[in-house]
Amino acid sequence: SAVISQKPSRDICQRGTSLTIQCQVDSQVTMMFWYRQQPGQSLTLIATANQGSEATYESGFVIDKFPISRPNLTFSTLTVSNMSPEDSSIYLCSVLTGAEKLFFGSGTQLSVL
Amino acid sequence: SQQGEEDPQALSIQEGENATMNCSYKTSINNLQWYRQNSGRGLVHLILIRSNEREKHSGRLRVTLDTSKKSSSLLITASRAADTASYFCATDPNTGNQFYFGTGTSLTVIP
């Protein structure tokens, strides 16, 4: 298993600003992912955070808007840049364990005014 | 689109009844997993079924997988009020270790 600490748990931000979300895992993991979940919707994969290399982004998501860092095997950050109200969502960090199970942080609820 | 489809979107049953939800997906997969989400926050893993398996049980959960139809079902038997949550299937396509989630089923169990 894995215990994930995600910060902040919620934030209210002004349009045009940026927010960095942190994800700390209690063990070393190879695969880390960032998801977005809009109200009442399913999870959409934003990117895979690769340690030591650039993140791999899914269709519709770009590095300029969602820069990701992965400096080591226990930590990653996701930045939501130049925010607009359409970015209001829950952002979830997830890790894949050797048992092929995903473990999730408790999420960051972002509201953009 | 990343997502598979789940049905029903919402399901309301009495405590003690069984709940069945279905998932359809689009590509070949390595495995399919089911997750539960309470109150719109972090998801909890329930069960994993591999592409070469047809049925799997875990406690009150029974999962089936039909790769020819690209579909899976999750059965929760003898439901409890605590089972009230959203349930999502997630698939791991053969292209790599990314997981894509279905649209979800919102289950309400009435005491």
Side-chain angles (χ1 to χ4, degrees), chain A residues 1-10 21 23-25 29-51 53 55-61 68 88-111, chain B residues 1-10 21-27 29-53 56 58 61 63 85-108:
Chain A
S1 67
V3 177
I4 301 171
S5 172
Q6 189 173 335
K7 298 178 181 178
S9 60
R10 64 176 62 229
I21 303 167
C23 178
Q24 179 75 53
V25 190
V29 292
T30 302
M31 307 293 290
M32 292 182 74
F33 308 96
W34 288 97
Y35 286 88
R36 181 174 73 181
Q37 185 177 28
Q38 294 179 313
Q41 303 294 314
S42 183
L43 283 73
T44 300
L45 180 62
I46 298 172
T48 302
N50 304 309
Q51 195 270 329
S53 64
T56 305
Y57 289 84
E58 296 295 309
S59 176
F61 297 95
I68 288 170
S88 297
S89 190
I90 295 174
Y91 292 85
L92 292 152
C93 168
S94 175
V95 303
L96 181 66
T97 68
E100 298 177 89
K101 300 176 184 178
L102 289 174
F103 286 85
F104 286 83
S106 55
T108 296
Q109 186 168 351
L110 171 62
S111 297
Chain B
S1 169
Q2 294 181 6
Q3 297 173 343
E5 297 285 330
E6 287 184 59
D7 75 88
Q9 281 190 325
M21 50 205 85
N22 304 294
C23 167
S24 60
Y25 56 91
K26 300 177 181 177
T27 66
I29 59 172
N30 291 317
N31 64 62
L32 184 145
Q33 305 186 33
W34 286 88
Y35 289 82
R36 183 182 72 205
Q37 184 179 40
N38 293 88
S39 305
R41 286 308 185 105
L43 283 75
V44 175
H45 179 271
L46 294 176
I47 194 165
L48 178 155
I49 186 166
R50 300 191 185 283
S51 60
N52 61 354
E53 296 175 314
K56 203 161 184 180
S58 177
L61 306 179
V63 171
S86 292
Y87 292 82
F88 296 91
C89 65
T91 54
D92 169 18
N94 285 334
T95 54
N97 279 326
Q98 285 79 27
F99 287 82
Y100 300 102
F101 283 78
T103 49
T105 294
S106 176
L107 173 65
T108 301

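We use all heavy atoms of the structure for the numbers below, so side chains are in, but hydrogens, waters and symmetry mates are not. Reminder, nothing fancy here: chain letters follow the sequence lines and each chain counts from 1. Note that this is a predicted model, so its numbers are computed, not measured.
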Could you measure the distance from the OH atom of B/Tyr100 to the OG1 atom of A/Thr44? Nearest 0.5 Å is fine. 11.0 Å
Is the number of heavy atoms from other residues, nucleotides or ligands within 6.0 Å of CD (B/Glu53) greater than 12? yes
For the student: nearest non-hydrogen atoms of A/Phe33 and B/Gln98, plus distance: CE2-CA, 4.1 Å
When the 4.5 angstrom heavy-atom criterion is applied to B/Leu43 and chain A, the contacting part is both
Taking B/Tyr35 for its side chain and A/Leu102 for its backbone only, find out whether a donor-acceptor pair lies under 3.5 Å. yes
Let me know if A/Gln6 has heavy atoms under 4.5 Å from chain B in its side chain, its backbone, both or neither. neither
Can you name the closest pair of heavy atoms from A/Ser42 and B/Thr103 and give their distance? CB-CA, 3.8 Å
Can you tell me how far NE2 of B/His45 sits from OG of A/Ser1, rounded to the nearest 0.5 angstrom? 12.5 Å
Within 6.0 Å of NZ in A/Lys7, more than 12 heavy atoms from elsewhere: no
Does the side chain of A/Gln37 pick up a donor-acceptor pair with the side chain of B/Gln37 at under 3.5 Å? yes
Working for side-chain contact (heavy atoms from CB on, under 4.5 Å), residues A/Leu45 and B/Phe99: CA-CA 8 Å; A/Leu45 180 62; B/Phe99 287 82; over 6 Å; no
